[in-house]
Amino acid sequence: MSKNHAYIVFNGAAVVVAYLMLALSVWLAPVDLSTKGYWGMGVLLLTAALVNFVKFRTDDMVAEQLASKIEKARNEKLINEYVGKEA
């Protein structure tokens with residue numbers, strides 16, 4: 001079990017509770033069913049947009065780290081080749 005397991009479970013539970021409370025408040029709102037549906041679609045679309053935003057930010061960060069590692073390895077290889085020629 002990883003160090004982050006409890007953190008992930010806690011945040012997952014918090015998200016579930018938040019969605020349940022939001023669903024309950026929308027259900028009990030004194031508005032027409034069509035308005036409730038519109039609010040529900042808005043919540044789902046906002047959730048999808050946030051998930052995509054976080055995914056793309058994470059992908060960019062991973063790509064940047066990989067490019068940095070590749071450049072560092074290339075620079076180390078060049079330095080080792082340069083130092084090797086002088087010896």
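- Note on Met41: it clusters hydrophobically with Val31, by side-chain heavy-atom contacts below 4.5 Å among ILVMFWY residues.
- Listed by first and then second residue, the side-chain hydrogen bond (donor to acceptor under 3.5 Å, both in side chains) pairs involving residues 33-61 are Tyr19-Thr47, Lys55-Asp59 (not counting sequence neighbours).
- For residues 65-78, the set of pairs meeting the side-chain hydrogen bond (donor to acceptor under 3.5 Å, both in side chains) definition, not counting sequence neighbours, is empty.
- Legend: residues meeting side chain to side chain contact (heavy atoms under 4.5 Å, CB included) with Leu22, ordered by chain and number and at least two apart, are Ser25, Val26, Val43.
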